[in-house]
Number of protein chains: 2
Amino acid sequence: MRTRANKQSGATIKDVADLAGVSAMTVSRVLNAGHRVRPATRERVEAAIRELNYKPNLSARSLAKARSLFIGLLYNNPNPGYVSELLIGLMNRCRQVGYHLVIENFGSTDEEWAAGIEGMLASSNFDGLIVAPPVSDFDSVMSAIERADIACVRIAPELEPDLFASVRTDDRDAARRMTRHLLDLGHRRLGFIAGDAGHGASRQRLSGFKDALEEAGVGLDDGLIVEGRFTYRSGLAAAEQLLSLRQPPTAIFASNDDMAAAVVAVAGRKGIDVPGELSVAGFDDTHTATTLWPQLTTVRQPIADMAGAAVDLLAAAINAEPEQDAAQTQRLLPCEVIIRDSSSTVKAKPA
Amino acid sequence: MRTRANKQSGATIKDVADLAGVSAMTVSRVLNAGHRVRPATRERVEAAIRELNYKPNLSARSLAKARSLFIGLLYNNPNPGYVSELLIGLMNRCRQVGYHLVIENFGSTDEEWAAGIEGMLASSNFDGLIVAPPVSDFDSVMSAIERADIACVRIAPELEPDLFASVRTDDRDAARRMTRHLLDLGHRRLGFIAGDAGHGASRQRLSGFKDALEEAGVGLDDGLIVEGRFTYRSGLAAAEQLLSLRQPPTAIFASNDDMAAAVVAVAGRKGIDVPGELSVAGFDDTHTATTLWPQLTTVRQPIADMAGAAVDLLAAAINAEPEQDAAQTQRLLPCEVIIRDSSSTVKAKPA
DNA sequence: CTGTTAGCGCCTTCAG
DNA sequence: CTGAAGGCGCTAACAG
C-alpha cells in the first residue's frame with residue numbers, strides 16, 4: 001500500500017499508551033517531563049516509545065498547546081557567509097528545542113521594513129522573533145514588535161541595548177587579543193585599517209587595537225591607523241597608503257577579511273612577501289580567509305554559538321510570565337583568534 | 001490582557017463564518033478552492049476574512065489534513081554563498097506554498113549519511129524531501145529515500161538522472177555563452193581553467209567552452225586548457241602556467257570565481273592590467289566576484305529559481321497519486337552571463 | 001502519581 | 001451548493 005503522506009505514518013500516543021498499559025496522559029507526561037511519573041511506569045512508557053519508534057506529532061502538539069512553535073527570523077544581511085552560518089546555527093538549535101524557523105525579509109532599508117512589518121506581525125502567528133543585524137537596529141521594526149508584545153531576541157544590536165534580550169560578540173576583546181598576537185610575534189609597528197566609523201563593530205575593533213597597544217606600552221602612531229569602509233576596494237587604498245609610508249608597518253590588522261585580502265593583494269603587487277616581510281590579520285573568518293593564499297590569520301565570530309544562545313533566550317522569553325519583565329538578559333560571547341599563515345615573527349627585511 | 005502565545009491570537013474560522021453568516025465549512029471551502037461556492041457567498045466570506053485579517057492556523061490544518069506540511073532539506077555544501085541563497089530561495093517559496101523547511105545535515109561523506117538517514121526517515125514525518133548536491137548523489141541516501149517511498153526532488157544530480165524529479169542549471173550553455181562574450185570582444189587566444197575532472201559541472205563547463213570555440217571556428221589549443229581544482233590556490237598555479245606561456249592568452253575563463261580571483265592576483269603580481277591586457281571571467285557569481293576589484297565578469301546560477309522550481313516540483317510530487325508514477329520531471333534552468341569590469345575588448349599590448 | 005473529560009482549529013464525510 | 005457531525009493527535013484542567 002501507499003504510505004506516503006497518509007494519516008499518521010508512525011505510532012500515536014494511544015498506541016504507546018496501550019502497549020505500556022497506561023493512559024495517553026501518562027505518556028504525555030513522560031514526554032513533557034513536567035509532572036512526576038513513577039520511575040517504573042516511566043520505564044515502561046519509554047520502552048514502548050522506543051519499540052514503536054514513536055515520534056509525537058508536532059501539529060497536534062502545537063494545536064493543543066496553542067503555540068505555533070514557529071519562530072520568525074527577521075533578517076537582511078548582505079553577507080552570505082554570515083547568513084548561512086546563522087541560519088544553520090539557528091535551525092539546528094531550533095530543531096533540538098522543538099521550534100521551526102521561518103525566514104522573513106522585507107528589504108534592505110528601514111523604510112521597506114516599516115511597510116511590511118506591521119502586516120506580518122498581524123497575520124503570522126510566531127511564538128517569538130529573532131532579529132538579526134542590521135534589522136535589529138531598524139527603529140520601525142523594533143517598535144512594531146514592542147507594540148505587538150511578542151517575545152523577541154536581538155542579535156548584535158547597537159542601539160538601545162536594553163530593548164529585548166540580546167546576544168552579541170565581544171569584538172573589542174577579540175581585537176585586543178589579535179593585536180596581542182601580533183605584538184607577541186615581535187611586531188612593534190602595527191598598521192590598523194578601520195571600518196566605517198558609523199559602524200559600531202568598527203569602533204569596538206579599533207578600541208581593542210588601542211587597548212592592546214596601551215597594555216603593551218607600545219606608543220600609538222596615528223599615521224598607522226587609516227579608515228576603510230569594509231570593502232575590498234577601500235582596503236586597496238588603505239593598504240596602498242600604509243605600505244607607501246617611509247617607515248611602513250611590519251604588520252597590518254584589517255577590520256575585516258575583505259580589506260585584509262586587499263592588503264595581501266597590494267603586498268603582492270609591490271613584491272612584499274606575506275608573511276615574511278609583512279604580517280596580515282583580518283576579522284570575521286569569511287570564505288575568503290581560507291580561500292586566499294596565504295590563508296588569513298583572522299578572528300572568528302562564534303556565530304553558531306550566538307544562534308544557539310539566541311534561540312535559548314527566546315525560548316526562555318516565550319515561556320516567561322509576561323508580568324515578570326525582568327531586566328533583559330544580554331549575552332556577550334567571546335570570539336576566537338585563528339592563527340593561519342598570513343602572520344609570522346618579524347624578520348630582518350632584506351632591504 | 002496578555003496576548004503573547006495564548007490561544008489563537010487572531011480570528012478563527014468560526015469567527016469568519018459567523019461574520020459572513022455561513023458555516024465554517026463554507027469558509028473552509030473558499031479557502032481551499034476545492035468545491036464550488038456560489039460567487040455571492042464567496043464574496044461575503046472573503047470580505048469577512050479581510051476584515052478579521054484571518055489567517056488559518058497551520059497546526060490545525062496540518063493535523064486535520066494528516067500532512068506535516070514539513071519539507072526536509074538534505075544538504076551539505078561547503079560553499080556558504082550557495083547554501084544561503086538556496087536556503088533563502090527555498091524558504092521563500094515554501095512560505096508561499098504553505099510548507100515549512102527543516103534542515104538536515106549528517107556530515108560530508110556518504111558513509112556519515114548512511115549512518116543517520118534511515119533513522120531520520122523513520123522518525124521524522126516529512127511530506128517530502130529536497131536533496132541538494134552533493135548529497136543528491138550519495139547512494140545510500142537516495143536508495144534509503146526510495147525504500148521509504150517518500151516524495152523527493154533532487155537538485156543538480158549527476159548520477160542516475162531519472163531517479164526522482166530534479167532541477168539543474170544548464171552549465172554547458174552558460175559556459176558557451178560566456179565564451180561567446182569573450183570572442184565577441186575580439187579575443188582569439190582564450191585560456192580555460194577547468195575544475196576537477198571528477199566533477200560533473202566541471203565537464204559541462206569545459207564542453208560549453210569548446211562548443212563556443214567550434215561554433216566560432218576558432219581552433220582549440222590544448223595548451224590553453226589547464227586543470228585546476230576549484231580552489232584559489234590551484235587557480236594561482238593554473239594562472240601562472242597560462243601567463244608564462246610564450247604566447248599567453250588575452251582572456252582567461254576560469255571555471256569558478258575563486259580561480260578567477262587567483263588569475264587576477266597573478267596578473268597583478270606580474271604587472272598585467274586587467275582588463276586592459278587580460279580579460280578574466282569566472283563562474284558562480286560568489287561574494288568574491290563583486291568583492292574583488294575589478295569586479296568579475298561571471299556566470300550567475302539562478303539559484304533562487306532552482307529553489308522555487310524544486311519546491312514546486314516537490315509539491316506536485318506530494319500531491320500526485322502514487323499510482324501515476326509518471327516519468328520524473330527534470331527542469332533545466334538557464335544561467336545568466338554577468339558582464340562586469342574584468343573583461344573588455346582586446347587592446348594592443350604595449351609590449 | 002495517574003486517569004477522565006473536553007477541547008485546540010480545521011477538514012473529511014455524509015446529508016440535505 | 002451548503003450544513004452537521006465527528007475526529008485528527010495531543011495536552012490542559014480537573015478529578016481521584
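Note on naming: letters A, B, ... go to the chains in the order of the sequence lines (proteins, then strands), and numbering restarts at 1 for each one.
Contact check, N57(A) against dC8(D): no side-chain N or O comes under 4.0 Å of OP1 or OP2. Remark: T26(A) is in phosphate contact with dG3(C), judged by side-chain N or O atoms under 4.0 Å from OP1 or OP2. At the phosphate of dT2(C), OP1 or OP2 sits under 4.0 Å from a side-chain N or O atom of T41(A). Residue R61(B) has no polar side-chain atom (N or O) positioned under 4.0 Å from OP1 or OP2 of dG9(C).
In this structure, the CZ atom of R29(B) is 10 Å from the P atom of dT12(C), given to the nearest Å. Rounded to whole angstrom, the span from the CD1 atom of I13(B) across to the P atom of dT12(C) amounts to 11 Å. One can place CG of L58(A) at 10 Å from P of dT11(D), the figure rounded to the nearest angstrom. Rounding to whole angstrom units, NZ of residue K14(B) and P of dC8(C) are separated by 11 Å. Remark: C1' of dG9(D) and CG of L52(A) are 15 Å apart, rounded to the nearest angstrom. To the nearest angstrom, P of dA15(D) lies 16 Å from CE of M25(A). Nucleotide dC11(C) holds its C1' atom 13 Å from the CZ atom of R67(B), rounded to whole Å.
Within a 6.0 Å radius of CD in E160(B), no more than 12 heavy atoms belonging to other residues, nucleotides or ligands are found.
Picking from dC10(C), dC11(C), dT4(C) the nucleotide with the shortest atom distance to the side chain of S28(B) gives dC11(C). The side chain of N32(A) approaches dT11(D) more closely than any other nucleotide in the set dT11(D), dT4(C), dC10(D). Of the candidates dA12(D), dT4(C), dG9(C), the closest approach to any side-chain atom of K65(A) belongs to dA12(D).
Using a 30° and 60° split on the angle between ring planes, F70(B) and F70(A) fall in the parallel class, below 30°.
The residue among L63(B) and R44(A) whose nearest nucleotide of DNA chain C is located toward the 5' end is R44(A). Looking at which nucleotide of DNA chain D each of G21(B) and A60(B) is closest to, the 5′-most match is held by G21(B).
The minimum heavy-atom distance linking A156(A) with R168(A) is given by the pair CA-CB, 4.1 Å. Here the shortest heavy-atom pairing between V167(B) and M306(B) reads O-CE, 3.7 Å.
Counting non-hydrogen atoms under 4.0 angstrom, V27(A) reaches nothing in the nucleic acid.
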Between L31(B) and Y54(B), does a side chain to side chain contact (heavy atoms under 4.5 Å, CB included) hold up when you go through it step by step? CA-CA 11 Å; L31(B) 249 37; Y54(B) 165 73; 3.6 Å; yes

